[in-house]
Protein chains: 2
Amino acid sequence: MTDCLSCIVRNRAICASLRPDELLLLGRMGRRQRVSSGHTLLWEGEDAPVVANVLEGVLKLVAATADGREQIVGIVFPSDFIGRPFGKESPYSVSAISAAELCIFHRDQFDEFAADHPDLQQKLLRRTLGELDRARRWMLLLGRKSASEKVASFLLEMADRLSPPPGAADTARGFELPFGRQQIADILGLTIETTSRQLTKMRADGLIDLPSRRKIVINDLAALNEMAG
Amino acid sequence: MTDCLSCIVRNRAICASLRPDELLLLGRMGRRQRVSSGHTLLWEGEDAPVVANVLEGVLKLVAATADGREQIVGIVFPSDFIGRPFGKESPYSVSAISAAELCIFHRDQFDEFAADHPDLQQKLLRRTLGELDRARRWMLLLGRKSASEKVASFLLEMADRLSPPPGAADTARGFELPFGRQQIADILGLTIETTSRQLTKMRADGLIDLPSRRKIVINDLAALNEMAG
DNA sequence: CGTCAAATTGACGCCGGTCAAACCGGGTGG
DNA sequence: CCACCCGGTTTGACCGGCGTCAATTTGACG
C-alpha cells in the first residue's frame, strides 16, 4: 500500500488538502510507478485511463501535427498533476524526459473521489487556473516574439522554476536544464539550429555561461530581462 | 435584482449546477451590465476585482509585449466565464469586441460562494480544463504551423464554434465572424497583410467565398481540413 | 583512444514581415 | 441621389530572420 503521509510531495501536491483518513482512502486507490526517461504514458488522441501526481522527475506534454512537427505544450515537475479528469481522451501525449516516479490513479475512480472531496477539487481548480495562465503567457511568446526574445524568456522562466532554493549547498550560481537543445526548440517553436545559435550568441555577448551541455549560468539578469521583450 | 431563472444562458453557464434557492443567493450578488464594443473590463497586470458570466456578445483576452505587439490568447462567447478566481491580478486584459452583456460578481464574494458550492466549483473546473486543452492546441498552431495552415485551422474552428444550429432559418451555408482582419491576425500570430493574402488565395482557389467583410462560406471542407495540417 | 549521438557552425533560400499605395464599402451631409 | 470621407482591407515591392540542408565539432561513455 502507498504510504501517503511520508510522501515527498505530501505538502505540495493536491493531496495537501486531505485529512489523514481521507489520505488513507486515496492512498489505497493509488499505485506508485517508476518510469524511465523517454517512456510515453499517454498518447495524443487516445483514451487516457489514468491521472497521476508526479513525485520525482520531469515530463513533457506534446502536441503534434499530422506530418510529425512537435510542440511542447507543457512541462511537468514534481508535485504537479497530469492527466485529464472528466474527459476520456488526452489532447496531447505525456512522456517522461528523465527517470520519473509517479503516483497513478484510475481516472474514473479519481473523478469519483474528487467529487466527494471539494477541497481536493478546489486545489485542482487552482492548479488548473495557474496552468492556464502559464499556457496563455506562452502563447504570447509563440505568436509574437523573435528567436532571441524567446530564448531569453525561456532562460528566465527556467531560472525561476529550477534555481536551487537560496540557501542550497552549491553556491555556484546557475542551474541545470532537464532538456536537450531539441526539446528547448520544441518548447519555443524554433528549430534546434536557431536555438543553438541564439545561446552561442548570448554566451559570446557575455550574458550567460554554458559550462556544460545542460548547465546555464546567468551573468546579466537585467540584460536578459530587457531582451525577453 | 437579477432574475437568474429566466437568464438566456441559464442552462449553459456554470450557474446550471445550482438549485433555484442557491441561484437566488448568487443572483443577489450579481449585477447585469452592458458594455459597448471596444470597452476593456480588465487590464493586463492590474488588479482584477471582478469575475463574470457572458450573457451576450464576444470578448477577447489579450496579452501584449512591452513594445505593444499583441496576441489574442482567448475568445469568450456567451455562457463563458471570465476573470480569475483565487488570484488578485489578471495576466491578460479582457475587452469586448462587440456590444456585450455581462453578469458581474465581486471576485472575493464569488470565491466565497464557490467554496460553499462544490457543484459550481466542479462546473468551473470542467470549463477551465476545457479552456486549457484549447489553449494548448492553439500553442501547436502558434509554434509550428505555417500561415496557410493557421488560417485554415482558424476557419475550421470558427465554423465549428459559430455555425448556426443545423435547423436554423438561413439555409445559406457559412457564418459571420465577430472579428476584423487585424483581430484574426492577432489570434493567429500573423500580420494583417499575411492574413488577408491567405484568405484571398483561398478564395481564388475556390476553397471559400467571402461575400462580405466578415462573412465566410466554406466550399471545400475536405481541402480545408487537409490544409490545416 | 574510439565511438556515436548531440550540438555547433556555415551557406543559402524562402516565408512572412515591413512599408507604402490603392481600393472598397458604408455612412454623412450637401 | 450623389460626392465625399474615412477606417478597414487588399495588393505590390522588397527584404531580413529563421528554416533547411550539410559538414564539422564536442563531449559523454565504454
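Just the heavy atoms: all of them, side chains too, but no hydrogens, waters or symmetry mates, feed the values below. In the text below, chain A, chain B and the rest are named by the order of the sequence lines, each starting its count at 1.
Side chains of B:V62 and B:T40 form no contact here, defined as non-hydrogen atoms less than 4.5 Å apart. Within the 4.5 Å cutoff, the side chain of B:L41 has no heavy atoms near those of the B:Q33 side chain. The closest side-chain heavy-atom distance from A:I75 to A:E157 is not below 4.5 Å. Residues A:R34 and A:E56 meet the side-chain proximity criterion, which asks for heavy atoms closer than 4.5 Å.
Looking only at distances, a side-chain donor or acceptor of A:R107 sits under 3.5 Å from a matching main-chain atom of A:A48. Formation of a donor-acceptor pair under 3.5 Å by the A:S98 side chain with backbone atoms of A:V58 is found in this model.
Heavy atoms of other residues, nucleotides or ligands lying less than 6.0 angstrom from CD of B:E176 number more than 12. By the neighbour-count criterion of 12 heavy atoms within 6.0 Å, atom NE2 of B:H39 is densely surrounded, having more than that number from other residues, nucleotides or ligands.
One can place CZ of A:R197 at 9 Å from P of C:dG10, the figure rounded to the nearest angstrom. Summarising the geometry, the separation between CG on B:L199 and P on D:dT11 is reported as 11 Å, rounded to the nearest angstrom. Summarising the geometry, the separation between NZ on A:K215 and P on C:dA7 is reported as 15 Å, rounded to the nearest angstrom. If you measure from atom CE of A:M202 to atom P of C:dA7, you get 17 Å, rounded to the nearest angstrom. Atom C1' of nucleotide C:dG10 and atom NZ of A:K201 are separated by 17 Å, given to the nearest angstrom. In this entry the distance linking CG of A:L210 with C1' of D:dT25 reads 16 Å, nearest Å.
Every residue two or more places apart in sequence or in another chain that forms a ring pair (Phe, Tyr, Trp, His ring centres under 6.0 Å) with B:F110 is listed here: B:F81, B:F105. Residues forming a salt bridge (Lys or Arg N to Asp or Glu O under 4.0 Å) with A:D47 (at least two apart in sequence, or on another chain): A:K88. Partners of B:T65 by side chain to side chain contact (heavy atoms under 4.5 Å, CB included), not counting sequence neighbours, listed by chain and number: A:L140, A:K145, B:D67, B:R69. Listed by chain and number, the residues in a side chain to side chain contact (heavy atoms under 4.5 Å, CB included) with A:T128 are A:L124, B:L125, B:T128, B:L129, B:L132 (sequence neighbours excluded). In this structure, B:E46 has no salt bridge (Lys or Arg N to Asp or Glu O under 4.0 Å) partners at least two apart in sequence or on a different chain.
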For residues 211-221 of chain A, tabulate all N or O donor-acceptor pairs below 3.5 Å that involve a side-chain atom, not counting sequence neighbours.
residue: A:R214; atom: NH1; partner: A:P178; partner atom: O; Å: 3.3
residue: A:N219; atom: ND2; partner: A:G206; partner atom: O; Å: 3.3
residue: A:N219; atom: ND2; partner: A:D209; partner atom: OD1; Å: 3.4
residue: A:D220; atom: OD1; partner: A:A222; partner atom: N; Å: 3.4
residue: A:D220; atom: OD1; partner: A:A223; partner atom: N; Å: 3.0

Can you give me every donor-acceptor pair (side chain of residues 195-203 of chain B, partner residue at least two apart or in another chain, under 3.5 Å) with its distance?
residue: B:T195; atom: OG1; partner: B:T191; partner atom: O; Å: 2.9
residue: B:T200; atom: OG1; partner: B:S196; partner atom: O; Å: 2.8
residue: B:K201; atom: NZ; partner: B:D205; partner atom: OD2; Å: 2.9

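The nucleotide whose nearest atom lies closest to any side-chain atom of A:T200 is, among D:dT10, D:dC18, C:dT9, C:dT9.
Sorted by residue number, the members of residues 144-151 of chain B with any non-hydrogen atom under 4.0 Å from DNA chain C read B:S146, B:A147. In the region residues 181-195 of chain B, proximity to DNA chain D at under 4.0 angstrom, judged on heavy atoms, holds for B:R181, B:Q182, B:E193. Residues of residues 69-76 of chain A having a heavy atom closer than 4.0 Å to DNA chain D: none are found.
In this structure, B:R136 forms a cation-pi arrangement with A:Y92, its terminal cationic atom sitting closer than 6.0 Å to the ring centre and no more than 45° off the ring axis.
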Distances for protein N/O vs nucleotides 1-4 of chain C N/O pairs under 3.5 angstrom?
none

All N/O pairs under 3.5 Å across the protein-nucleotides 28-30 of chain D interface:
none

